[in-house]
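This report refers to the structure that appears directly beneath it.
Throughout, residue positions are numbered sequentially from 1 according to the sequence presented.
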Amino acid sequence: QLQLVESGGGLVQAGGSLRLSCAASQRTFSSYAMGWFRHPPGKEREFVATISAIGSRTLYAESVKGGFTISRDNAKNTLYLQMNSLKPEDTAVYYCAARRGLLLSTDDYDYWGQGTQVTVSS
């Protein structure tokens, strides 16, 4: 069973940067496409970014293009989300998720982490 644990969240000022990590429990991490989602306070969960199993393809929500970068290191069984030029509207609980499949997806995932809080102050 694949287990995911997010880390790296915290408090940052607007315009700052933060890098989130998602550690997977198994070597088979390399067989999953991965994604990042976020749940802002008082709003619905939304898709942020996804990356293919090999790491050759990525897809981003329009709201984060240019500021966020998703990446992975399969040798370390770890997924990353580099967040630059952060704004207060980026405040949310961020979740990583995994899915088996050949295609990237914005909503169809099989495993989820517990989430990590990101707070951007103004």
Side-chain angles (χ1 to χ4, degrees):
Q1 182 178 351
L2 182 66
Q3 295 179 324
L4 305 172
V5 180
E6 302 95 335
S7 63
L11 176 65
V12 64
Q13 293 185 354
S17 299
L18 204 62
R19 188 179 75 161
L20 305 183
S21 298
C22 175
S25 62
Q26 297 182 348
R27 179 182 293 270
T28 52
F29 170 73
S30 60
S31 67
Y32 295 90
M34 301 294 298
W36 286 101
F37 293 78
R38 66 187 182 185
H39 189 180
K43 299 181 179 180
E44 296 295 312
R45 184 186 68 193
E46 63 183 21
F47 166 77
V48 174
T50 185
I51 187 168
S52 61
I54 298 174
S56 59
R57 291 183 177 272
T58 59
L59 179 66
Y60 296 89
E62 287 294 329
S63 60
V64 304
K65 284 183 178 179
F68 288 17
T69 302
I70 188 171
S71 63
R72 66 192 297 162
D73 187 340
N74 286 348
K76 297 181 179 179
N77 295 336
T78 303
L79 174 75
Y80 302 98
L81 183 67
Q82 179 67 45
M83 304 183 292
N84 297 328
S85 301
L86 284 164
K87 302 176 181 178
E89 62 203 51
D90 295 318
T91 294
V93 177
Y94 283 72
Y95 299 88
C96 68
R99 69 183 300 271
R100 285 197 175 99
L102 298 177
L103 303 178
L104 298 179
S105 176
T106 60
D107 58 10
D108 186 18
Y109 287 80
D110 302 304
Y111 302 95
W112 294 81
Q114 84 289 349
T116 186
Q117 177 71 48
V118 172
T119 302
V120 183
S121 65
S122 60

Evaluation steps, side chain to side chain contact (heavy atoms under 4.5 Å, CB included), between Gln117 and Thr91: CA-CA 8 Å; Gln117 177 71 48; Thr91 294; 4.0 Å; yes
Compare every heavy atom of [Y] with every heavy atom of [X], then report the nearest pair and how far apart it is.
X	Y	value
Tyr109	Thr50	OH-OG1, 2.9 Å
Leu2	Tyr111	O-CD2, 3.5 Å
Leu104	Ile51	CD2-C, 3.7 Å
Ser17	Ser85	OG-N, 4.3 Å
Gln114	Val5	OE1-CA, 3.5 Å
Asp110	Arg100	OD2-N, 3.2 Å

With a 4.5 Å cut-off on side-chain heavy-atom distances among I, L, V, M, F, W and Y, is there a chain of contacts connecting [X] to [Y]?
X	Y	answer
Ile70	Val64	yes
Leu81	Phe29	yes
Met83	Val12	yes
Trp112	Tyr80	no

Distance, nearest 0.5 Å, that separates [atom1] of [X] from [atom2] of [Y]:
X	Y	atom1	atom2	value
Leu86	Ser121	CG	OG	10.0 Å
Phe37	Arg45	CZ	CZ	6.0 Å
Ser52	Met34	OG	CE	12.0 Å

Asp107 and Phe47: CA distance, side-chain angles, deciding distance, side chain to side chain contact (heavy atoms under 4.5 Å, CB included) verdict: CA-CA 7 Å; Asp107 58 10; Phe47 166 77; over 6 Å; no
Check: [X] side chain, [Y] main-chain N or O, donor-acceptor pair, under 3.5 Å:
X	Y	result
Glu6	Thr116	no
Thr78	Lys76	yes
Asp90	Ala14	no
Arg72	Gly55	no

Side-chain donor-acceptor contact under 3.5 Å, Arg99 with Tyr32: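 The criterion, which ignores hydrogens and geometry beyond distance, is not satisfied for Tyr32 and Arg99.
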Criterion side chain to side chain donor-acceptor pair (under 3.5 Å) on Tyr94 and Arg38, from CA distance to verdict: CA-CA 4 Å; Tyr94 283 72; Arg38 66 187 182 185; 3.0 Å; yes
With sequence neighbours excluded, residues passing salt bridge (Lys or Arg N to Asp or Glu O under 4.0 Å) with Asp73: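 Here no residue qualifies.
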Candidate pair Gln82 and Phe68, rule side chain to side chain contact (heavy atoms under 4.5 Å, CB included), full reasoning: CA-CA 6 Å; Gln82 179 67 45; Phe68 288 17; over 6 Å; no
Trp36 vs Leu79, side chain to side chain contact (heavy atoms under 4.5 Å, CB included): CA-CA, chis, key distance, verdict: CA-CA 9 Å; Trp36 286 101; Leu79 174 75; 3.3 Å; yes
Donor-acceptor contacts, no H, no angles, side chain residues 18-25, under 3.5 Å, sequence neighbours left out:
unit_1, atom_1, unit_2, atom_2, d
Ser25, OG, Gln3, N, 2.9

Any Tyr95 side-chain heavy atom under 4.5 Å of Leu4 side chain: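 Counting from C-beta outward, Tyr95 and Leu4 never come under 4.5 Å.
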